[in-house]
Amino acid sequence: MQLTYGQYGGRFVPETLIPALDELEAGWREAQEDPAFHQELDRLGRTYAGRPTPLTLAERFAPGKRLYLKREDLLHTGAHKLNNALGQALLAQRLGKRRIVAETGAGQHGVATATVCARFGLECVVYMGAEDMRRQRPNVERMGLLGAEVRPVEFGTQTLKEATSEAIRDWIGSVETTHYLIGSCVGPQPYPEIVRELQAVIGREAREQIIEADGLLPEVAVACVGGGSNAIGLFTGFLADPVRLVGVEASGAASLGTGRTAVLHGSRSSVLADEDGQVLDAESISAGLDYPGSGPEHAALRDAGRAEYVSATDEEALAAFRRLASTEGIVPALEPAHALARVAELDEELVLLCLSGRGDKDLAEVLAR
Ligand SMILES: *Cc1c(COP(=O)(O)O)cnc(C)c1O
């Protein structure tokens, strides 16, 4: 097996999916070389999604630092996930696929996918654990309004892990007509690369914006890590620069900090698993970080010493959530609140942080505490 990122990545999937992954990879390479693809993505980014998103200097949140927030919370649908969904929908169209399947946990990726399917007139099926559907009623209703069919998954823990298995099962039976729209930089090659490139717009814009605002590159770039897509999108802008890169995981889902090498959902990476390689359940207040794996490129960056991965607890994230609201007038999602929680103790003064989403979806959870 050819692995893509050092000892990580690859394609650990049933034989029947290999031709579809080959087709996707070839279509992706062609799109990358076609200026019309980039122009269309750029146009949709500007006129539909709200790019470029602003860079905000947070003057009161972290005294003694110059903390710049990359405002993906201001993107259409409220988080960075739309960058990826838009790009993959364009790619699906190029491949002649009119049907999209996706899995969703909290519903954020499902909403982004349903949104782009509505925009392009594509059929949309979203698999979601029955337990998650109960917990995330508003997102289920939003997806329905957008014209997506949400299919409940009623086995196992009835959450994201099983929903992913069901989406893969659907795709195996429908590859001729269907594109599987993965929501983070995980899964078999070429998905981690596609998602990274579609999210790299975050780092590209932020690099230009911080030089414009401060005249300097940041000393450190920080982002939360669930599957790792907003973080890899930010990091990619600074990989060639002398910039420290820090990913922040939820302490109950620290697959890079405390995980082992194992295969999950089609690729080898660093996964929360026991000694026998059995995947363990993640546990976090933030649904977007509550996943036992993370992208293979992050595992490779960690091993190479190029990026560091630390963690924050539920309580630390909640405190940072409240602090950003009361000091800056910005209500962050609980996911990037984990990254915010680590800012104060950084040695560096000039900090760039990806504010990956807004916190409206988390208000009930936070106020219930
Ligand atoms: C889904 C989500 C995340 C986690 O996903 P990544 O792939 O790690 O970026 C982070 N922040 C927000 C706001 C999300 O919706």
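Start at 1 and go down the list; that is how both ligands and their atoms are numbered.
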- Heavy-atom closest contact (Glu335 atom, Ser286 atom, distance): CG-OG, 3.1 Å

- Item | N or O pair under 3.5 Å between Gly226 and ligand 1 | yes

- Message: Holding to ring pair (Phe, Tyr, Trp, His ring centres under 6.0 Å), I want the full list of residues that pass it with Tyr48, two or more places apart in sequence or in another chain.
- Response: His76

- When rounded to the nearest 0.5 angstrom, what is the spacing between CZ in Arg323 and CZ in Arg60? 8.0 Å

- Over all heavy atoms of both residues, which pair between Tyr180 and Gln88 is shortest? Give the atoms and the distance, please. O-OE1, 3.7 Å

- Here the atoms of ligand 1 under 4.0 Å from any heavy atom belonging to Ser229 are 6 (P), 7 (O), 8 (O), 9 (O)

- Message: My understanding is that we take every heavy atom of each candidate and find the minimum distance to atom 8 (O) of ligand 1. Doing that for Ala223, Gly288, Pro336, Gly228, which one comes out nearest?
- Response: Gly228

- In the protein, what heavy atom is nearest to atom 11 (N) of ligand 1, and what distance, to one decimal place, separates them? Ser356 OG, 2.7 Å

- Query: Out of curiosity, Leu367 CG to Arg369 CZ, how far, rounded to the nearest 0.5 Å?
  - Reply: 11.5 Å

- Would you please determine whether Glu72 falls within less than 4.0 Å of ligand 1 on a heavy-atom basis? no

- Message: Please state which option from Ala339, Ser184, Ala337, Ala333 has its nearest heavy atom closest to atom 7 (O) of ligand 1.
- Response: Ser184

- Message: Is there a continuous path of hydrophobic side-chain contacts, each under 4.5 Å between heavy atoms, that joins Leu289 to Leu334?
- Response: no

- Backbone or side chain, does any N or O of Gln108 fall under 3.5 Å from an N or O of ligand 1? no

- Identity and distance of the protein heavy atom lying nearest atom 3 (C) of ligand 1: Lys81 NZ, 3.6 Å

- Query: Polar-atom distance check: Val225 versus ligand 1, any N or O pair below 3.5 Å?
  - Reply: no

- Query: Taking everything shown except Glu283 itself, do over 12 heavy atoms lie less than 6.0 Å from its CD?
  - Reply: no

- Query: When you look for heavy atoms under 4.0 Å from ligand 1, do you find them on the side chain of His109, its backbone, both, or neither?
  - Reply: neither

- Quick note on ligand 1: atoms under 4.0 Å from a heavy atom of Gly357 include exactly 13 (C)

- Task: Might you work through the side chain to side chain donor-acceptor pair (under 3.5 Å) test for Gln209 and Lys70, ending with a clear yes or no?
- Result: CA-CA 9 Å; Gln209 288 168 319; Lys70 179 58 173 164; 2.9 Å; yes

- Please check if atom CD in Glu208 has more than 12 non-hydrogen atoms from other residues, nucleotides or ligands closer than 6.0 Å. no

- Find all atoms of ligand 1 within a distance of less than 4.0 Å from any non-hydrogen atom belonging to Cys224, and give their numbers and elements. 10 (C)

- Query: So, is Gly227 polar-close to ligand 1, with some N/O to N/O distance under 3.5 Å?
  - Reply: yes

Mind listing the side-chain donor-acceptor pairs of residues 234-251 below 3.5 Å, one per line with the distance, residues two or more places apart or on another chain?
unit_1 : atom_1 : unit_2 : atom_2 : d
Thr236 : OG1    : Ile232 : O      : 2.6
Asp241 : OD1    : Arg207 : NH2    : 3.0
Asp241 : OD2    : Arg207 : NE     : 2.9
Asp241 : OD2    : Arg207 : NH2    : 3.4
Arg244 : NE     : Glu308 : OE1    : 3.3
Arg244 : NE     : Glu308 : OE2    : 2.8
Arg244 : NH1    : Glu348 : OE1    : 3.0
Arg244 : NH1    : Glu348 : OE2    : 3.2
Arg244 : NH2    : Glu308 : OE1    : 2.9
Glu249 : OE1    : Leu256 : N      : 3.2
Glu249 : OE1    : Gly257 : N      : 2.9
Glu249 : OE2    : Ser255 : N      : 3.1
Glu249 : OE2    : Ser255 : OG     : 3.3
Glu249 : OE2    : Leu256 : N      : 2.9

- When only distance counts, is Lys361 in polar contact with ligand 1, meaning an N/O pair under 3.5 Å? no

- Message: So for Ala231, does at least one of its heavy atoms come nearer than 4.0 angstrom to any atom of ligand 1?
- Response: no

